[in-house]
2 protein chains.
Amino acid sequence: MPTSIKDIAKLLNVSVSTVSYAINGGPRTVSPEVKEKVLDAARELGYRPNRVAKSMVTGRSRTIGVVPPEIVEDVLLSPYLQLALNGIFNAAGSSHHDLILFTRLAGSGHEEVLSTILDGRVDGAVFIAPNSTNRAVLLAKELRIPCISLAGSEIDGVHTLSVANETGMRLAMKHLFDLGHRRIAHIAGRLDMQDAIERLRSYSDFMTENRLAYHDSWVLKGQFHPDGGYAAMKSLLALPNPPTAVVCANDDMAIGALRACQEMGVNVPSQMSICGFDQTSASELTIPPLTTVFQPIAEMGRYAVQSVLDLIDGKPVPRHVTFEPTLVVRSSTTVPMKES
Amino acid sequence: MPTSIKDIAKLLNVSVSTVSYAINGGPRTVSPEVKEKVLDAARELGYRPNRVAKSMVTGRSRTIGVVPPEIVEDVLLSPYLQLALNGIFNAAGSSHHDLILFTRLAGSGHEEVLSTILDGRVDGAVFIAPNSTNRAVLLAKELRIPCISLAGSEIDGVHTLSVANETGMRLAMKHLFDLGHRRIAHIAGRLDMQDAIERLRSYSDFMTENRLAYHDSWVLKGQFHPDGGYAAMKSLLALPNPPTAVVCANDDMAIGALRACQEMGVNVPSQMSICGFDQTSASELTIPPLTTVFQPIAEMGRYAVQSVLDLIDGKPVPRHVTFEPTLVVRSSTTVPMKES
DNA sequence: AGTTGGAGTCGAAACGTTTCGACGCGCTTA
DNA sequence: TAAGCGCGTCGAAACGTTTCGACTCCAACT
């Protein structure tokens, strides 16, 4: 039973409203003497305002929800998510909001999904890379909860922040093409996610536009996981006439691919150029450091929070913002070997 | 204005209590017909229980707070914290609790620190590696908020989970000693953190016990950051008779040290053995992969959540639990070179 | 037949705030 | 001097729940 505003009121023989005014510099003024008495008493009694009660009456919690792409074991181990979360965390901190991390959407029906989000504990929500089957974001929208989809599929009516995947992919492809590569493979991500789809499409487009022949066997699915990248590279190397370069849809897969090359005695970059995507912190620790596409994920997280806040305040927020990636050239790509 | 229990009551001409009983299978029984009517109406109207209101009357929020060691920009980029957070996230998910991540302890007075934690939004809290100057955890304890200190300084009266730093350090030192190293340096962490202090002490103890001479110049402060490790290694290599091996108090610093060696053309491990601490995911991506001390951080996170939950339920929880680390031998350590 | 008791329901209190309407007081202004 | 106004204060309503006491039936006892 912590001290409440009532205790102070009783002790000082004033009304609760007066105490409230004094503490908040409230909507009404309080005489200096009373104010001082109240503040002293509050300190004395160790008074802490109860945020839950405050939330109930104001309808605001100064807390925003963060919903990971899927709620499964170890999802926080994803470097991409970590980067986004860090950006969100920074922004929330500087705007004096706390974060609720939702942990239990999995295995629950839609009903429960909604209850978790819309139970009044958050003023708004950031959905990180929701895939198109993620109904929660749709329902949140339908119920007019201020929310932002960060790097997810474009869903109509939902405010979305995305990265220009096409630019990023073209940057990587052009880099390899300019180096002289013609046989370029692609290790794709999870094709139920928008990013993966767009990166794959840009790859195909680039190959077609430049009249580069490519086979189905050059497009592999790596599920965004290192092991997927590893397996994909293994099967690429087993091909009779393997490609000389590969662009991966994220860094984790590129790291897996790198490991596969090392194991098979294939030198990177001289025998195989590898390009990643995302510029996660691990991408510069590999040997050789990965050439990769930098996405301003952390900045997007920051922007997402600001947008949610604006949405809450009823300010206008652009329906869709696209961030431009840039290419970070490091040592995992070089000119292809002469032979062939 | 979302639908409330009252709307249902009004619509059906029953009392709010009846609706509550029907929805919760509440403490009183409801006739089957009424129950069905209520449930139908709730679905119809899209009723979502308001958790804030529920919290207020029950005093429980099914949410637990997570407090990072310090609240500064980019704190979520720390691999150690990520690992711990992931463990906490997993555990919270399976016990149907959400997480509040506190983002604004920094720069606020003690008063605000407390308000943030004790404002009724959380049932308990996990403090990740609080250092001894972190007053928040003390105050939380004083106010009887169920809380666990995860891998932090031991503070009396606070339930603490720690890792046997001594065991870990000895494992690393003995490994190097057995390989034949006698000139072993230590790059220490932030000496305001318990872990760093203990690791440093164990290093000294080991050196003394084995009658190994060591100089002050072999003990460097790396602040737990890669750049600190880098700088430390640089100054080690500048020594007239540098050590043949170095144990770092975390992986990040070991990675920095590795980079310094690479830059200076010092081969790791043949000319310099490097040992890390924590087994973060980056530690196996370096070339060579780091020999490091594995701490079950993720498991500790899980355990921490369970303990907080037990504390909340009034179950007995051991005041102090120690987890044992193990050594992961990879390729950054080997026998020292013959010369000298 | 009268008593007990459980099932089903209602009304109201409680949780800790914020904020509105009302009121009294003293000061200015006509 | 009366009207008007702003300041400081109080009491009460409101937010959306849960749950307790009380009440009414009706069935099952003695």
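Each chain gets a letter, A, B and so on, in the order its sequence line appears, and its residues count up from 1. Quantities reported herein were computed from a predicted structural model and do not represent experimental measurements.
Between the side chain of B/Thr18 and the base of C/dG8 there is no donor-acceptor pair of N/O atoms closer than 3.5 Å. In this model, no side-chain donor or acceptor of B/Arg51 finds a partner on the base of D/dT17 within 3.5 Å. No hydrogens or angles were tested; on distance alone, a donor-acceptor pair under 3.5 Å links the side chain of B/Ser17 to the base of C/dG11. In terms of polar N and O atoms assigned as donor or acceptor, the side chain of A/Arg28 never comes within less than 3.5 Å of the base of C/dT19 in a complementary pairing. With hydrogens and angles left out, the side chain of B/Tyr21 and the base of D/dC20 share a donor-acceptor pair within 3.5 Å.
For the pair B/Ser31 and C/dT9, the criterion of a side-chain N or O lying under 4.0 Å from OP1 or OP2 is met. Contact annotation: A/Asn50 side-chain N/O to C/dC15 OP1/OP2 distance is not under 4.0 Å. Considering only side-chain N and O atoms, A/Lys54 lies under 4.0 angstrom from the phosphate OP1 or OP2 of C/dT18. Proximity of B/Ser20 to the phosphate of D/dT18: a side-chain N or O atom is located under 4.0 Å from OP1 or OP2. Between C/dC15 and B/Thr58, no contact under 4.0 Å exists linking OP1 or OP2 to a side-chain N or O.
Residue pairs meeting the salt bridge (charged side-chain N to carboxylate O under 4.0 Å, His left out) criterion with at least one partner in residues 304-321 of chain B, sequence neighbours excluded, are B/Arg60-B/Asp313, B/Asp310-B/Lys315.
Of the N and O atoms on the side chains of A/Ser162 and A/Thr160, not one donor lies less than 3.5 Å from an acceptor on the other residue. Of the N and O atoms on the side chains of B/Asp98 and B/Thr63, not one donor lies less than 3.5 Å from an acceptor on the other residue.
When each of B/Val30 and A/Ala53 is assigned the nucleotide of DNA chain C bearing its nearest heavy atom, the one mapping closer to the 5' terminus is B/Val30. Where A/Ile5 and B/Pro32 meet DNA chain C, the nucleotide closest to each residue was compared, and B/Pro32 sits on the side nearer the 5' end.
Screening A/Ile8, A/Val30, A/Val34 for a side chain to side chain contact (heavy atoms under 4.5 Å, CB included) involving A/Val19 leaves a single residue, A/Ile8.
Ion pairing between a basic and an acidic side chain is recognised when a charged N comes within 4.0 Å of a carboxylate O; B/Asp7 and B/Lys10 show no such pairing.
Residue A/Ile8 contributes atom CD1, which lies 11 Å from atom P of C/dT18 at whole-angstrom precision. Taking atom OH of A/Tyr47 as the reference point, atom P of C/dG16 lies 10 Å away to the nearest angstrom. B/Arg48 has its CZ atom 20 Å from the C1' atom of D/dC15, to the nearest Å. Rounded to an integer number of Å, the gap from NZ of A/Lys10 to P of D/dC10 is 15 Å. For the pair A/Leu12 CG and D/dT9 C1', the interatomic distance rounds to 14 Å; values are reported in whole Å. If you measure from atom CG of A/Asn13 to atom C1' of D/dC10, you get 12 Å, rounded to the nearest angstrom. Put simply, NZ on B/Lys35 is 14 Å from C1' on C/dA7, counting in whole angstrom units. C/dT18 atom C1' lies 12 Å from atom CE of B/Met56, rounded to whole Å.
The shortest non-hydrogen separation linking A/Ser55 to A/Ser61 is OG-CA, 3.4 Å.
Contact annotation for A/Val52: no contact, since no heavy-atom pair falls under 4.0 Å across all strands. Within the 4.0 angstrom heavy-atom criterion, no nucleotide atom of any strand lies near A/Asp7.
A donor-acceptor contact shorter than 3.5 Å is absent between the side chain of A/Asp74 and the backbone of A/Leu77.
End-to-end axis angle for the helix from C/dA1-D/dT30 to C/dA30-D/dT1, using five pairs per end and rounding to 10°, comes out at 50°.
A/Leu83 CG to A/Ile128 CD1: the interatomic distance, rounded to the nearest 0.5 Å, is 10.5 Å.
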Let me see the working for A/Tyr303 and A/Phe323 under ring pair (Phe, Tyr, Trp, His ring centres under 6.0 Å), right down to the final yes or no. CA-CA 10 Å; A/Tyr303 191 95; A/Phe323 289 76; 5.6 Å; yes
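When each of C/dC10, C/dT17, C/dA7 is scored by its nearest atom to the side-chain atoms of A/Lys6, the top-ranked nucleotide is C/dT17. Across C/dC10, C/dG16, D/dT17, the shortest atom-to-atom separation from the side chain of B/Ser4 is found for D/dT17.
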